[in-house]
Amino acid sequence: MIDPRILRDDPDRVRASQRKRGASESAVDDALAADKARREAIATFENLRAEQKKMGKQVAQAKGEEKAALLAQVKELAAAVKEAEAAQVVAEESWATALKAIPNLTAEETPAGGEDDFVLIETVGEIPTFDFEPRDHVELGRMLGAIDLERGAKVSGSRFYFLTGVGAELEFALINLAMEQAREAGFTQVIAPALVRPEAMAGTGFLDQVDDGVYRIEGDDLYLVGTSEVPMAAYHSDEILDAASLPLRYAAFSSCFRKEAGSAGKDTKGIIRVHQFEKVEMFVYTTLEESYAEHARLLAWEKAFLDKLELAYRVIDVAAGDLGPSAARKFDCEAWIPTQGKYRELTSASNCTEFQARRLDIRQRASTGSTTGTATAPVATLNGTLTAITRAIVAILETHQQADGSIRVPKALQKWLGREVLTPIAG
RNA sequence: GGAGACGUCGCCUAGUCCGGUCUAUGGCGCCUCACUGCUAAUGAGGUUUGGGUUAACAGCCCAUCGAGGGUUCAAAUCCCUCCGUCUCCGCCA
């Protein structure tokens with residue numbers, strides 16, 4: 001959620017952000033009104049409660065008739081306190097609801113508008129050309145014995161697949177390469193749970209997507225994560241971190257599950273859009289001040305990884321309307337997919353500033369204490385994909401294919417794959 | 001899955017049986033100051049978190065004893081539900 005103080009002191013800034021996203025400006029006025037009502041309810045309750053406490057002490061000391069008289073008096077007060085407290089709870093809840101309806105404030109640099117209003121930051125690598133008709137990843141995967149879509153559908157349904165043989169090997173190689181890079185950059189490697197409680201989902205802003213994006217486990221109040229951003233954001237929830245320990249950098253591996261209910265008919269072929277895949281996600285806790293530089297670093301690490309895969313890609317500054325509720329700014333890296341003739345998202349880096357940290361109550365405290373006490377402040381959270389397996393495989397197969405359907409293995413992957421070329425096993 | 005024990009303001013801990021003087025005890029750690037060439041030791045003070053009010057990180061007030069309900073004039077303390085930890089049993093990669 002956004003900083004309630006900014007909402008109160010500078011509502012125009014929030015309105016401007018809403019405009020940029022194409023989101024409702026009246027949400028700002030609703031939240032402001034709710035804030036006012038909340039503070040009034042708090043004042044009413046607290047005054048009554050203070051009086052009740054004072055009288056309670058008199059009751060404890062009084063004896064006999066005096067006590068009986070006080071009791072009768074304070075009983076009435078107790079009813080009023082109860083009522084005021086209930087009113088306060090209601091006011092707090094509607095305030096929280098109104099506040100949570102407002103997505104994160106967008107960064108100044110974030111372009112206004114929707115999906116097509118992104119700003120191109122740079123294009124890297126040369127778009128591959130072929131002196132033969134390139135095959136798509138479905139065909140190549142079949143020839144290599146790497147991707148089994150038919151049996152995926154038979155066993156689990158559409159948008160499922162088996163990675164077999166070199167397909168499975170490719171996944172492990174990509175993960176090893178990603179984790180090697182993460183380790184060298186100082187990240188702590190993590191295997192994260194793929195099932196989380198509703199609070200974790202809500203804290204990262206994904207619970208709203210529960211109908212068309214997120215799987216819920218029937219009978220248990222658990223959700224399958226769509227990204228390890230969820231468990232990693234909730235990892236330090238309800239904690240106060242030592243400022244000296246920041247930044248905390250994690251590289252988390254987990255399976256990711258997505259319903260894709262809203263994307264019927266999109267990417268129905270192959271493994272571009274699937275219900276389950278594995279991913280290595282960078283997740284960073286740092287200060288708000290440092291978050292902007294860290295965002296740039298995450299992007300640099302993503303680019304370094306795509307460079308190792310020897311892919312052609314572009315980097316875009318995603319427009320406000322396409323950010324998702326948590327992010328203030330987001331860079332997508334999109335790799336060229338030859339048979340589609342366009343760039344497709346492979347990785348993505350978001351700066352969520354304090355938005356998630358406020359929801360999940362993750363704060364920092366300066367390590368040098370003083371007598372006047374140390375102030376706490378929400379941390380900033382950022383996330384960036386190091387590698388999302390299925391799309392990485394699509395890009396690698398299609399980009400590095402040769403006329404006979406064999407695949408030239410990028411140098412950095414050779415060490416982990418143990419060979420320089422992947423050879424078809426079937427025509 | 002069954003039985004039991006437990007959860008107190010960084011860590012440990014008193015308090016819970018028998019509700020009010022709990023404005024939550026003490027120790028450790030940490031912070032500030034004093035003393036001393038420096039450090040250590042010693043002494044004094046401070047040290048949960050959030051919110052309201054406010055010019056204020058001053059003062060005052062409210063909440064907070066795992067979380068949420070309930071009983072009561074009054075709950076760390078009594079009752080219920082949930083979460084978590086530990087021990088034993090059963091099952092199982």
Side-chain angles (χ1 to χ4, degrees), chain A residues 1-10 31-100 191 193-203 217 219-223 231 234-246 248 255 287-288 354 357-379:
Chain A
M1 75 188 116
I2 64 165
D3 186 349
R5 209 154 292 257
I6 290 178
L7 174 73
R8 203 184 297 166
D9 298 341
D10 193 4
L32 276 171
D35 184 39
K36 187 159 177 269
R38 161 182 164 269
R39 283 147 70 197
E40 284 166 4
I42 287 172
T44 304
F45 163 71
E46 287 188 352
N47 288 336
L48 285 167
R49 176 68 178 156
E51 199 180 330
Q52 185 192 31
K53 280 177 75 170
K54 258 182 222 152
M55 292 190 72
K57 272 173 200 167
Q58 292 172 23
V59 171
Q61 277 163 11
K63 297 243 157 68
E65 278 180 34
E66 193 193 345
K67 182 161 187 166
L70 273 171
L71 268 180
Q73 206 182 333
V74 89
K75 254 183 194 180
E76 283 179 39
L77 187 56
V81 168
K82 204 164 207 174
E83 206 174 303
E85 186 173 18
Q88 185 198 328
V89 168
V90 170
E92 296 258 21
E93 275 170 4
S94 34
W95 171 70
T97 305
L99 200 60
K100 281 177 185 167
I191 312 287
L195 281 165
V196 298
R197 295 183 162 176
E199 301 87 75
M201 265 307 165
I217 303 297
D220 294 278
D221 208 6
L222 289 171
Y223 298 85
Y235 186 62
H236 285 300
S237 57
D238 299 319
E239 290 183 27
I240 300 176
L241 305 172
D242 184 350
S245 70
L246 302 176
L248 288 168
S255 289
T287 62
L288 181 64
E354 299 176 338
R358 279 183 196 281
R359 285 193 176 196
L360 291 163
D361 193 20
I362 309 165
R363 288 166 286 165
Q364 49 153 331
R365 188 208 316 272
S367 47
T368 51
S370 72
T371 37
T372 51
T374 50
T376 63
V379 298

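A quick note: this is a predicted structure, and the numbers were derived from the prediction, not measured. Below, chains carry the letters A, B, ... as their sequence lines are ordered, and counting in each starts from 1.
Separation of atoms CD (A:Glu92) and CD (A:Glu85) is listed at 10.5 Å; rounding is to 0.5 Å.
At B:G10, none of the side-chain N or O atoms of A:Arg365 fall inside 4.0 Å of OP1 or OP2 (strictly under the cut-off). For the OP1/OP2 pair of B:U49 and a distance below 4.0 Å, the side-chain nitrogens and oxygens of A:Thr376 include no atom meeting the criterion.
The separation of B:U32 from B:A41, taken at their P atoms, amounts to 15 Å, rounded to a whole angstrom. Across B:C60 and B:G66, the matching C1' atoms stand 30 Å from one another, rounded to whole Å. Nucleotides B:C33 and B:C86 have their P atoms positioned 43 Å apart, rounded to a whole Å. Between the P atoms of B:A3 and B:C62, the separation comes to 43 Å (whole Å). Remark: the separation of the P atoms in B:A76 and B:U23 is 8 Å, to the nearest Å. Comparing B:G46 with B:C28, their C1' atoms sit 16 Å apart, to the nearest whole Å. For the P atom pair drawn from B:C12 and B:C73, the interatomic distance equals 38 Å after rounding to whole Å. Rounded to a whole angstrom, the distance from the P atom of B:U71 to that of B:G15 is 30 Å.
For A:Arg5 and B:G52, the CZ to P distance is 6 Å, given to the nearest whole Å. Atoms CG (A:Asp238) and C1' (B:U64) sit 14 Å apart, rounded to a whole Å. Rounded to an integer number of Å, the gap from CD of A:Glu40 to C1' of B:U53 is 14 Å. Atom-to-atom, CD of A:Glu46 to P of B:A63 comes out at 8 Å; the value is rounded to the nearest Å. The distance from atom NZ of A:Lys53 to atom P of B:U21 is 11 Å, rounded to the nearest whole Å. For the pair A:Lys54 NZ and B:G20 C1', the interatomic distance rounds to 18 Å; values are reported in whole Å. Regarding A:Leu48, its CG atom lies at a distance of 14 Å from the C1' atom of B:G52, rounded to whole Å. At whole-Å resolution of the value, CZ in A:Arg358 and C1' in B:G50 are 13 Å apart.
Mapping A:Arg197 and A:Asp361 onto RNA chain B via the closest heavy atom, the residue that lands nearer the 5' end is A:Asp361. Mapped onto RNA chain B by nearest heavy atom, A:Met55 and A:Arg39 fall at different nucleotides, with A:Met55 at the one closer to the 5' end.
Summarising the local packing, CD of A:Glu239 is surrounded by more than 12 heavy atoms from other residues, nucleotides or ligands at distances under 6.0 Å.
With a 3.5 Å ceiling on both atom-pair distances, the Watson-Crick or G-U wobble partner of B:G4 is B:C86. The partner of B:U42 is B:A34, by the rule that a Watson-Crick or G-U pair needs both atom distances under 3.5 Å. A 3.5 Å limit on both hydrogen-bonding distances identifies B:G20 as the Watson-Crick or G-U partner of B:C73. For B:U47, the paired nucleotide is B:G29, the pair qualifying as Watson-Crick or G-U wobble because both relevant distances are below 3.5 Å. In this structure, B:U81 forms a base pair with B:A67, meeting either the Watson-Crick or the G-U wobble geometry with both donor-acceptor distances under 3.5 Å.
Across A:Met55 and A:Leu77, no two heavy atoms sit closer than the pair SD-CD2, 3.8 Å. The shortest heavy-atom contact between A:Ala34 and A:Trp95 is CB-CA, 3.7 Å. Shortest non-hydrogen contact noted between A:Ala37 and A:Ala91 is O-CB, 4.2 Å.
When distances are taken from the side chain of A:Ile42 to each of B:G51, B:U49, B:C62, the shortest belongs to B:G51. Set against B:U71, B:G51, B:U49, the side chain of A:Lys82 has B:U71 as its closest nucleotide.
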Less than 3.5 Å apart, which donor and acceptor atoms pair up between the side chains of residues 41-50 of chain A and the rest of the protein, not counting sequence neighbours?
{"from": "A:Thr44", "atom 1": "OG1", "to": "A:Glu40", "atom 2": "O", "distance (Å)": "3.0"}
{"from": "A:Asn47", "atom 1": "ND2", "to": "A:Ala43", "atom 2": "O", "distance (Å)": "3.2"}
{"from": "A:Arg49", "atom 1": "NH1", "to": "A:Gln52", "atom 2": "OE1", "distance (Å)": "2.7"}

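With contacts defined as side-chain heavy-atom distances shorter than 4.5 Å, the pair A:Gln364/A:Asp242 does not qualify.
With A:Arg359 contributing its side chain and A:Ala202 its backbone, the two residues share a donor-acceptor pair below 3.5 Å.
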Dump the pairs, protein N or O against N or O of nucleotides 73-82 of chain B, anything under 3.5 Å, distances to one decimal.
{"from": "B:C73", "atom 1": "OP1", "to": "A:Lys75", "atom 2": "NZ", "distance (Å)": "3.0"}

**OP:** Test A:Arg365 against A:Leu241 for side chain to side chain contact (heavy atoms under 4.5 Å, CB included), laying out the working first.
**Re:** CA-CA 6 Å; A:Arg365 188 208 316 272; A:Leu241 305 172; over 6 Å; no
